[in-house]
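In each ligand, atom 1 is the first atom listed, and ligand 1 is the first ligand listed.
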Amino acid sequence: MAILRFKALDEISKREPFQHRSTHEKISSIFGIDVFDREKMRNYIPRDAFEAMCRAIDENAQLDRKTANQIAMGMKTWAIERGATHYSHWFQPLNDSTAEKHDSFFEPTFDGGSVETFRGELLIQQEPDASSFPTGGLRNTFEARGYSAWDPSSPAFLIGKTLCIPSIFIAYTGEALDFKTPLLKSLNAVEEAAAQVAQYFDKDVKEVNVTLGWEQEYFLVDEALFLARPDLAQTGRTLMGHIAAKDQQLEDHYFGAIPSRVSEFMKDFEEQAYRLGIPLKTRHNEVAPNQFECAPMFEEANIAVDHNTLLMNVMRSVARQHKLRVLFHEKPFYGVNGSGKHCNWSLMTDTGVNLLAPGKTPRTNTQFLTFFVCAIKAANDYGSLMMASIQSESNSHRLGAHEAPPGIMSVFAGSTLSNMLDSIEERITDKKMTPDEKTDIKLDIGKIPSILLDNTDRNRTSPFAFTGNRFEFRAAGASDNCAAPLIVINTAVAETLIEFKKQVDKLIDKGVKKDEAILQVIQKYIAASKRIRFEGNGYGEEWLEEAKRRGLENVQVATDAFKVFLRPENVALFKKHNIYREAELYARCEIKHEILVKKIQIESRVLADLATNHIVPTAIKYQNVLIQNVQGLKAILPDSYEELAAEEIRTIRTVAGHVKAIREGVHEMIEQRKIFNNEENLEKRAAGYLLTVRPYLDTIRYHIDHLERIVDDELWPLPKYREMMAIS
Ligand code: ADP
Ligand code: MG
């Protein structure tokens, strides 16, 4: 038993430092080297095909078969020159992973020879044998076919010897089975709506793009220790472990020096990222020991989402080369902060203007205010849906636990803008504005400083914080696909902008001047979304009370959150903007319930095994040592042993008490699992697992963690927190 743990520790002490290959290359010389980007396309495909491809990327134009063939040829030539032997459609199914099915370029010919081929139809469409991806009842196994289709707006890239082609993944019946399909639809919806509104201010704006800059948090653990912890290895989080004497209390890890072994790992994965065109910019330690963060420069949202999922894969594999494991679980260690993924969201015009950045003139500031207020209104109207979008079994350990916001939507605007919104609202009148009133408001708006990026005016407890030139959605979990919250934010903002434009146009039709019409609707929206604005501490108890008074919902229970998507108004919203069909929403809800059940089921099984096979026998072994000691004392000191062994006897009792509680807990947990396994209704089964089975994990761990502090360290079979949290 203890052998396992000491072998792991021994393994680490023997380890040679990882040999990092020294590169003296500049980042710019390797950036995007493994990506079939525009520059390479220009060299590898005929000019008219290249131009058609650019139109497909920039304007969503369709590609014909001939062009697709030409692009496929070019892609193949480039990839084979770089040593590729296989190609694969690369997509993001509805679990936490990415999927690929590799096919060889090599094809035998009738005459016994062979050629390397890759035709346009293979580029455009593939049929992965995909019966084992989550489908939520959309396909029965007889029809277990879905197909993947090329997304030309995200460039193909090379991983090792495989050409990876970003793709969407859909069922034969047309329903999306992935994150990318609805993401692309939601991007279309909001980009179209935003472009229309932006044209009030600048006729030259033809297109708007959503920009996304994510910040990815993660933990690192030494591989030998990771493998010696079956809970970590099988569930991604520790199901037991007493918190280390020193963890994050001194807050000395944040922005501290990065340990050299970790920085070698970072340099290595960053190099891979640069080769893949992922523009990583920052890296630093996070709050908890062994916790880190990386963030790129923001990009067009579809590409940023692909880059995030791709980077997570790269990090996993580079970590292994360094004999480390990277953890994206939202709460891998009890008692220290978990990991999130902040999604920074904004809108950028094709004229290069960030619509959420204040401008220098009253006109550009009115434009800013329009988009700013519409985003707040969207959060007000669809806040529950936004919070529901990031609820999951693993993220629910974090949300509302004083390290991440609870399931209540609120918007932080910062004092300058908050005062501005209040003063505009105060000037609301029912009648037509007088010229003076209009001038006053315009003057107000003109006063918005063009730079609001003030670090002192940050609120780190707000789920949707305005940070100077973008909104930062802070509730997403580290393992989430960024598309999950983005689909909802995009759709909600699209709806709000469309409605905004309708109301403005109506006023214009009635003869109100355009600028006044815009101001009037802005005023109305500010008043209508007042309750969602909150500048205080979003983690505090008082906020829960205050939010209740304001009528804001707390989407705190994961299984309830999944069903928020099925509320009639939300089904209607997604249908209206052509994001999801009703069947897709039901399927997704089912998948989330299923994943939750499976995750808790696995955790519960792993903990039961560990408790029964590792912990209880260890505790008894130690108890026997104590018993022998007491018996020995009794044999040689019969008169005074009771006094001398009082502490031992107490400990024997304590150990027995914990062992009993663990056994009972395991027994009851298994009985509860049986009950809910027999529950036919999936929603009820999931709620049972979450609310009845999962709490046993905490009760059992409570007793195990107490035993960990009592039992002889040499006997303890599993690596401890203090060992796992000490990469140096
Ligand atoms: P902080 O920790 O203060 O939030 P970081 O530098 O870690 O700041 O992260 C900021 C993130 O916001 C980066 O990913 C950055 O690219 C992104 N960002 C900045 N401007 C925009 C924008 N206009 N649209 C989307 N994301 C943006
Ligand atoms: Mg941030």
Side-chain angles (χ1 to χ4, degrees), residues 31 183 186-187 190-191 194 198 205 207-218 251 253-256 258 266 270 273-274 277-288 291-312 315 337 339-359 364 367-368 371-372 374-375 403-405 411-414 417 450-476 478 480 482-483 485-486 489-490 493 538:
F31 191 79
L183 173 69
S186 73
L187 288 168
V190 71
E191 289 171 357
V205 171
E207 269 186 64
V208 171
N209 274 312
V210 173
T211 52
L212 168 69
W214 41 262
E215 300 161 57
Q216 177 72 55
E217 293 179 343
Y218 60 96
E251 296 186 351
H253 186 64
Y254 197 64
F255 289 128
I258 297 173
M266 288 176 170
E270 283 167 5
Y274 294 138
I278 304 171
L280 286 179
K281 284 279 280 188
T282 60
R283 56 157 106 117
H284 60 76
N285 289 352
E286 261 304 324
V287 180
Q291 194 189 24
F292 307 94
E293 178 188 295
C294 63
M297 172 75 189
F298 67 90
E299 298 176 277
E300 188 280 311
N302 177 35
I303 292 180
V305 172
D306 281 358
H307 279 169
N308 178 249
T309 39
L310 179 56
L311 184 72
M312 288 167 79
M315 287 168 73
N337 277 12
S339 301
K341 171 146 57 199
H342 299 169
C343 292
N344 294 272
W345 182 95
S346 192
L347 294 163
M348 177 87 85
T349 66
D350 55 350
T351 53
V353 173
N354 176 355
L355 293 169
L356 286 172
T364 48
Q367 171 171 284
F368 156 71
F371 285 92
F372 179 64
C374 280
E403 56 175 281
V411 178
F412 170 81
L417 289 171
S450 63
I451 296 186
L452 281 167
L453 294 166
D454 176 4
N455 270 312
T456 56
D457 198 16
R458 286 284 180 100
N459 184 319
R460 301 198 176 270
T461 63
S462 172
F464 203 51
F466 184 70
T467 46
N469 61 359
R470 61 191 186 267
F471 278 96
E472 181 168 352
F473 188 62
R474 307 172 54 90
D480 272 333
C482 306
L486 247 60
I489 297 173
N490 293 342
V493 175

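Listed by chain and residue number, Phe372, Phe464, Phe466 satisfy the ring-ring contact (aromatic ring centres under 6.0 Å, His included) test with Phe471 (two or more places apart in sequence, or in another chain). Scored by the side chain to side chain contact (heavy atoms under 4.5 Å, CB included) test, Thr211 finds Phe298, Ser346, Met348 as partners (sequence neighbours excluded).
Rounded to the nearest 0.5 Å, atoms CG (Leu355) and OG1 (Thr364) are 11.0 Å apart. Annotation: the span from Ser462 atom OG to Arg474 atom CZ amounts to 8.0 Å, rounded to 0.5 Å. Taken from CD in Glu215 to CD in Glu293, the straight-line distance is 5.0 Å, to the nearest 0.5 Å. Atom CD1 of Ile278 and atom CZ of Phe31 lie 8.5 Å apart (nearest 0.5 Å). The distance from the CG atom of Leu212 to the CZ atom of Phe473 is 12.0 Å, given to the nearest 0.5 Å.
Under 4.0 angstrom from ligand 1, the non-hydrogen atoms of Glu293 all belong to its side chain. When heavy-atom distances to ligand 1 are checked against a 4.0 Å cut-off, Met348 has no atom that comes that close, whether in backbone or side chain. If you look at Asn354 next to ligand 1, the close heavy atoms, those under 4.0 Å, all belong to the side chain. In Arg470, the part holding a heavy atom less than 4.0 Å from any atom of ligand 1 is the side chain.
Taking a cut-off of under 4.0 Å to the non-hydrogen atoms of Met297, the atoms of ligand 1 that pass are 16 (O). Listed by number with element, the atoms of ligand 1 under 4.0 angstrom from any heavy atom of Ser346 are 22 (C), 23 (N), 24 (N). Counting atoms of ligand 1 from 1 in the listed order, those under 4.0 Å from a heavy atom of Glu215 are 1 (P), 2 (O), 4 (O), 7 (O), 9 (O), 10 (C), 11 (C).
Among the candidates Cys482, Cys294, Pro296, the single residue satisfying the side chain to side chain contact (heavy atoms under 4.5 Å, CB included) test with Gln216 is Cys294.
Here atom 14 (O) of ligand 1 lies nearest to Pro296 when heavy atoms of Pro279, Cys294, Ala295, Pro296 are compared. Taking only non-hydrogen atoms, the option from Phe298, Trp345, Trp214 nearest to atom 26 (N) of ligand 1 is Phe298.
Using a non-hydrogen distance threshold of 4.0 Å, His342 does not register as a contact of ligand 1.
Geometrically, ligand 1 and His284 share no nitrogen or oxygen pair separated by less than 3.5 Å. Distances between N or O atoms of Thr282 and those of ligand 1 include no value under 3.5 Å.
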